[in-house]
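Chain A is the first sequence line, chain B the second, and so forth, proteins listed ahead of strands; every chain is numbered from 1. Hydrogens, waters and symmetry mates are skipped; everything else that's a heavy atom, side chains included, is used.
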Amino acid sequence: MRISQLFGKTLREDPADADTSSHRLLIKAGFINQLVSGVYSYLPLALRSLKKIETIIREEMNLAGAQEILLPTLQPEEIWKRSGRSVAFGETLFKLKDRRDRDLVLGPTHEEVITELVKGHIRSYRDLPVNLYQIQTKLRDEARPRAGLIRVREFAMKDAYSFHSTQEDLDKTYDGMVSAYQSIFSRCGLDVRAVDADSGAIGGKDSQEFILLTDTGEDEIVLCGSCDYAANMEKAQSNIERVIDDTKGGLKEVYTPGIKTIDALSKEFHVPQTKILKSVAYVADGALVLVMIRGDLDVNETKLVNYLGAQNIHIATDVELREEGLIPGFISPLGLEGVRVVGDHSVVSEVDVIVGANREDYHYTGARHGFDFTIAESIDLNRVQEGHECVECGGKLTINKGVEVGHVFKLGTKFSETFGATFLDSDGTEKPMVMGCYGIGVGRILGAAVESNHDDKGIVFPKAISPAQVIIVALNTDDATVDAAANLLYETLIGQGIEVIIDDRDESPGVKFADADLIGIPFRATISARSIKNGNTVEIKNRMDGNDQLIHLPLDDVGKIIEAVT
RNA sequence: CGGGGUGUAGCGCAGUGGGAGCGCGCCUGUUUUGGGAACAGGAGGUCGCGAGUUCGACCCUCGCCACCCCGACCA
């Protein structure tokens, strides 16, 4: 690969519309080009990285016993209606019609298609298990594409689907996929953490996300500082410190004009927020639900949705509250009738608390659970906060940002039952296949890798996914000796199977060095009039080191040069 | 979908009711060559699109579109 002929130029100035590091650098270094929102062209350097990532994925998937296939992008909407996911995906599903006015969708994922496929090919438990994967373009009309390759509408994804006769057999394959994923990410040179995840509306018991920790990530991850507990915020649990307090004031109604927030109550009464009961009203599938939670905590809406089994929830508007006779800012479970009340387990306490009075401008003080009010349904509904105690070991939890680069699910029989993907078991009975699914975002790995591997000069590629191992920077290209030496090294390294780029442009040294740093190839080999004069040498620099860390090697010792750049 | 912002040369940006500009990049030539060289000459525009106001609109008004950011959303 000669930079003089390379399609795709580096930019000298930062692109205006990119403010996350990976987005900015991938455009600036000439890797990607946006066509419309969330849709990119991949130029030669990017494609090289993507192919490397794909190769690593293929090798590990094959090793784990999965077989590669390729499924259609264009799919009949009918199968999406059958699975109920035409509605579930909603606007995210790209829809179109063919010339016969038939409804089609562009596949955002392939559970429906694969289940139909396998249904037609597997009849007996003897044919199971199978694990099929593909690397395919997926299309999702995301509400808001963002951050370059991190969240796009058209993207390459590796997805695998496994089919089993028993749950235990699924468990085995699932574990195998988890360890294959760990190999994939570690071979890519990325520090990816597996975390427990909520399995959402798709159902199924186990689910793990694979997260690359980076500050610009859009997912929140809870990690324990003392053990290996790791969970997605939606799923994370914690032990909440109990509040100990002996004061028993007795229930009193107090005039609190205009004091509607936990913060204001805390200041007014000079009490910690832990001694105030927060009332949060939701509308879940059309019905009002009051959620009670300790004042210092927030509601985890995913936990609430899962507990209620609701399709949709939203925080009740003031209008919706007044319709039910509730007074915004002064809501209370005391004396409330006809409204379902659920509580986070933090409300079950021995402590006197302040709570609304269901009356404009009044609160109660000295309210006690079990005496003045009782919340029958109390379960874990709170959002973990920084510093909470780990449920596994009692250590301190931290909240971290990250990018989801992989996700594995135990699907169970949801799809096989819907599509009639059954098999004849050894006992002669017909059973639905037990399924698992396993996804990895290929482009997203590239984006996330750059996000977590760069400095102020540019990208710093992990070796395994870099477009090349070494970039030869030839200075003084009009000097025939330099030119010949650089080209000889280029050809020799290619002959030895080293992936090498040569910057053979007639540019000033500053431009070449800056571009080499920007593109982020792990090793730079500089050949110049100076290095030739200096004992016919080449200067090797590791991209991760500072500029003064140079190794001088004789040009005729190719073995040493290869050793230095691999 | 709610809120905010931007749209002028390949990229980054300035601009005024009456001549469409600057920096970088690009082309030609000369001189340069170890951290984004210098000089000289040059090419490149539907000022997002459409209506309106005006003698005259890149500029004012209205409508539309696109893109970015925050939020909602993210099987």
Side-chain angles (χ1 to χ4, degrees), chain A residues 8-20 23-24 27-28 30 33-39 80 83-93 107-112 138 140-148 150-153 155 157 159 197-204 207 209 216-220 232-234 301-302 305 311-315 403-404 407-409 411 414-415 437 439 441 444 457-458 473-479 482-483 503 505-518 524 526-534 539 541 546-548 550:
Chain A
K9 274 199 190 321
T10 58
L11 301 178
R12 198 169 284 211
E13 291 181 79
D14 285 343
D17 275 346
D19 50 17
T20 54
H23 190 193
R24 176 174 55 85
I27 291 172
K28 198 176 180 184
N33 193 271
Q34 179 168 289
L35 181 63
V36 288
S37 183
V39 179
W80 287 83
S83 68
R85 295 210 298 176
S86 187
V87 174
F89 265 90
E91 300 263 80
T92 304
L93 204 55
T109 178
H110 287 76
E111 280 83 5
E112 284 80 359
K138 310 257 177 174
R140 297 182 189 179
D141 197 358
E142 294 288 349
R144 185 153 96 83
R146 55 176 292 274
I150 303 298
R151 187 159 209 86
V152 289
R153 297 194 293 172
F155 54 99
M157 184 168 170
D159 53 329
D198 180 71
S199 51
I202 204 162
S207 174
E209 284 180 357
T216 50
E218 53 186 1
D219 287 6
E220 282 188 303
N232 182 311
M233 176 58 84
E234 294 177 340
E301 294 187 358
T302 304
V305 167
Q311 292 293 317
N312 280 298
I313 64 166
H314 67 265
I315 295 231
V403 175
E404 178 189 353
H407 201 156
V408 294
F409 278 101
L411 288 177
K414 178 186 159 70
F415 286 93
C437 75
R444 193 179 264 194
K457 291 198 178 74
V473 174
L475 305 183
N476 323 102
T477 43
D478 53 351
D479 180 328
V482 172
D483 192 51
D503 191 345
R505 294 173 300 174
D506 181 21
E507 284 288 352
S508 71
V511 171
K512 294 188 175 190
F513 289 147
D515 278 347
D517 288 342
L518 178 60
R524 187 183 85 195
T526 307
I527 298 178
S528 65
R530 186 201 284 179
S531 77
I532 296 291
K533 199 187 290 176
N534 181 22
E539 295 162 6
K541 185 183 96 67
N547 276 323
D548 44 350
L550 295 174

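- Nucleotides B/G12 and B/C67 are separated by 16 Å at their P atoms, to the nearest Å.
- In this structure, CZ of A/Phe155 is placed 15 Å from P of B/C74, rounded to the nearest angstrom.
- Protein atom CZ of A/Phe409 is 12 Å distant from nucleotide atom P of B/C74, rounded to whole Å.
- Atom CD in A/Glu234 sits roughly 11 Å away from atom C1' in B/C73 (whole-Å rounding).
- Spacing between atom CZ of A/Arg444 and atom C1' of B/C74 amounts to 9 Å, rounded to whole angstrom units.
- For the P atoms, the distance linking B/G19 with B/U6 amounts to 27 Å, nearest Å.
- When rounded to the nearest whole Å, the span between NE2 of A/His407 and P of B/C74 equals 13 Å.
- Between A/Asp19 and A/Arg24 there is no salt bridge, since no side-chain N of the basic residue sits under 4.0 Å from a carboxylate O of the acidic one.
- Two residues are said to be in side-chain contact when any heavy atoms from C-beta on lie closer than 4.5 Å; A/Asp14 and A/Lys28 meet this criterion.
- Within the 4.5 Å cutoff, no side-chain heavy atoms of A/His23 are placed close to those of A/Arg146.
- Contact check for A/Thr477 versus A/Arg505: no side-chain heavy atoms found under the 4.5 Å cut-off.
- Between B/G44 and B/C22, the two P atoms lie 15 Å apart (nearest whole Å).
- No donor-acceptor contact under 3.5 Å links the side chain of A/Asp14 to the base of B/G12.
- For the C1' atoms, the distance from B/A9 to B/A20 is 10 Å, rounded to whole Å.
- Residues forming a side-chain contact (heavy atoms from CB on, under 4.5 Å) with A/Asp483 (at least two apart in sequence, or on another chain): A/Asn487.
- In this structure a side-chain-to-backbone donor-acceptor pair under 3.5 Å is present from A/Asn476 to A/Ala529.
- Separation of the C1' atoms belonging to B/U31 and B/G17 is 47 Å when rounded to the nearest angstrom.
- The gap from the C1' atom of B/G18 to that of B/A57 amounts to 10 Å, rounded to the nearest Å.
- Residue A/Thr92 is classed as having no contact, given no heavy-atom separation below 4.0 Å to the nucleic acid.
- The local environment of CD in A/Glu91 is sparse, with at most 12 non-hydrogen atoms from other residues, nucleotides or ligands closer than 6.0 Å.
- The backbone N or O of A/Ala474 sits nowhere less than 3.5 Å from a side-chain atom of A/Thr526 that would complete a donor-acceptor pair.
- With rounding to whole Å, A/Met233 atom CE is found 17 Å from B/C74 atom C1'.
- For A/Phe89, the ring-ring contact (aromatic ring centres under 6.0 Å, His included) partners two or more places apart in sequence, or in a different chain, are A/Trp80.
- For the pair A/Asp478 and A/Glu142, nearest-nucleotide mapping onto RNA chain B gives the more 5' position to A/Asp478.
- When side chains are defined from C-beta on, A/Thr109 does not count as touching A/Met157, because their heavy atoms never get closer than 4.5 Å.
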Please write out each protein N/O paired with an N/O of nucleotides 21-27 of chain B under 3.5 Å, distance rounded to 0.1 Å.
residue	atom	partner	partner atom	Å
B/G23	N2	A/Glu13	OE2	2.7
B/G25	OP1	A/Arg12	NH2	3.4

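- Taking the charged nitrogens against the carboxylate oxygens, A/Arg85 and A/Glu111 do have a contact shorter than 4.0 Å, which makes a salt bridge.
- We find that CZ of A/Phe513 is positioned 15 Å from P of B/U33, with the value rounded to whole Å.
- For A/Met157 and B/A75, the CE to C1' distance is 10 Å, given to the nearest whole Å.
- Set against B/G36, B/A72, B/C11, the side chain of A/Ala143 has B/A72 as its closest nucleotide.
- Checked against salt bridge (charged side-chain N to carboxylate O under 4.0 Å, His left out), A/Glu220 has the following partners two or more places apart in sequence or in another chain: A/Arg383.
- The residue A/Glu539 sits close to a base: some heavy atom pair falls under 4.0 Å.
- Both key distances under 3.5 Å define a Watson-Crick or G-U pair, and stretches of 3 or more such consecutive pairs in RNA chain B run B:1-7 with B:65-71, B:10-13 with B:21-24, B:26-31 with B:37-42, B:48-52 with B:60-64.
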Can you name the atoms? Protein N/O to nucleotides 66-70 of chain B N/O, anything below 3.5 Å, with the distance.
residue	atom	partner	partner atom	Å
B/C67	OP1	A/Ser37	N	2.9
B/C67	O3'	A/Gln34	NE2	3.2
B/C67	O2'	A/Asp17	OD2	3.0
B/C68	OP1	A/Gln34	OE1	3.3
B/C68	OP1	A/Gln34	NE2	3.4
B/C68	OP2	A/Ser37	OG	2.8
B/C70	OP2	A/Arg144	NH1	3.1
B/C70	OP2	A/Arg144	NH2	2.5

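- Taking atom C1' in both B/C47 and B/C58, the straight-line distance is 5 Å, to the nearest Å.
- Rounded to the nearest Å, the gap between the P atom of B/C70 and that of B/U16 is 31 Å.
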